[in-house]
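Every number for a ligand or one of its atoms is a count from 1 in the order of the listing.
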Amino acid sequence: MRRPMRWTMRVRRGLLLAGTLLLGAVGARAQSAKSGKIDPTWLRADAASKTAEFKLVAGLTEANGGMNFNGFGRGGLVLTVPRGWNVVFHFKNEDPNLPHSVEVIADVEVIPVGPVPPAFEHATTGRIEQGFPTGQGTDVRFVPGKAGSFLIFCAVPGHGVAGMWIRLAVSDAVDKPALATAPER
Ligand SMILES: [Cu+2]
């Protein structure tokens, strides 16, 4: 009678340990999912001057090996702006490992490997192929003159294809800018 009891205890202990490890793994996943959250301070709108200012951070989190904007990739974040507003991206690269850049491009089925012409005049950080090193950035100012859906894309070769792009929606149907999450593509 003793031996089976002890065996049962051992199995129980083992199951308990496995359960604890599993719970730990689930907890870590939940935490990383939680980091993909919109911070309301990222977007500032001024209706009088029709200006939308967006804090756009490359490599904000470790998601996708740092190849993310504000922790999002593959279209998981959508900035909507009214057509004809002044759009300002306060771009900064906080990725400790990789250089990054930004340009607004047409919404295409096949994500480009590297730089393509921007969808709007001045809608680019410049240095788009080599990118900005860690801790550096620039302001991007442009006026989206046509409504539609566009991509905010990192043009450093390979980054966009790896998922480093989010969305810009230019709309005639809204009177103020907004940020929202969306399903990743
Ligand atoms: Cu990049």
Side-chain angles (χ1 to χ4, degrees), residues 28-29 31-44 51-81 85-144 146 148-170 177-185:
R29 278 197 65 146
Q31 196 116 41
S32 73
K34 218 185 281 173
S35 70
K37 215 179 130 190
I38 292 173
D39 179 336
T41 67
W42 289 342
L43 181 63
R44 287 176 58 178
T51 302
E53 293 183 67
F54 179 42
K55 188 181 170 195
L56 180 58
V57 181
L60 179 67
T61 69
E62 290 177 354
N64 195 29
M67 288 189 280
N68 63 77
F69 289 116
N70 297 24
F72 293 86
R74 299 186 191 282
L77 184 66
V78 186
L79 170 65
T80 302
V81 296
W85 272 44
N86 303 292
V87 177
V88 185
F89 292 162
H90 299 292
F91 169 72
K92 192 178 178 194
N93 181 14
E94 291 187 4
D95 185 339
N97 302 307
L98 297 170
H100 298 291
S101 64
V102 172
E103 61 170 333
V104 175
I105 64 170
D107 185 3
V108 284
E109 200 57 49
V110 178
I111 303 295
V113 170
V116 293
F120 304 107
E121 200 180 357
H122 308 302
T124 160
T125 54
R127 296 171 57 173
I128 55 173
E129 183 145 21
Q130 65 269 50
F132 287 71
T134 305
Q136 289 190 25
T138 189
D139 283 353
V140 176
R141 294 167 187 275
F142 64 100
V143 178
K146 64 181 175 214
S149 62
F150 302 88
L151 309 183
I152 297 170
F153 160 81
C154 178
V156 173
H159 289 199
V161 175
M164 193 166 182
W165 57 276
I166 56 174
R167 292 186 180 278
L168 173 70
V170 181
L179 262 183
T181 57
E184 292 188 2
R185 188 168 97 187

Chemist: So how far is it from Ile166 CD1 to Leu151 CG, rounded to the nearest 0.5 Å?
Modeler: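 It is 10.0 Å, given to the nearest 0.5 Å.
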Chemist: How are the rings of Phe120 and Phe142 set relative to one another: parallel (under 30°), tilted (30 to 60°) or perpendicular (over 60°)?
Modeler: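 Parallel.
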Chemist: For the CD atom on Gln130, are there more than 12 heavy atoms of other groups (residues, nucleotides or ligands in this structure) within a distance under 6.0 Å?
Modeler: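 Counting other residues, nucleotides and ligands, CD of Gln130 exceeds 12 neighbours.
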Chemist: So, does Asn93 use its side chain to make a donor-acceptor pair with the main chain of Leu98 at under 3.5 Å?
Modeler: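 Side chain of Asn93 to backbone of Leu98: a pair is present.
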Chemist: For the Cu ion (ligand 1), which protein N/O/S atoms fall under 2.8 Å? Skip waters.
Modeler: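 Near the Cu ion (ligand 1), the protein supplies His100 ND1, Cys154 SG, His159 ND1, Met164 SD.
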Chemist: Going by heavy atoms in the side chains, are His90 and Leu56 under 4.5 Å from each other?
Modeler: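 The answer is no; the side chains never approach within 4.5 Å.
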Chemist: Near Arg44 CZ, under 6.0 Å, is it more than 12 heavy atoms from other residues, nucleotides or ligands?
Modeler: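 Incorrect, the count does not exceed 12.
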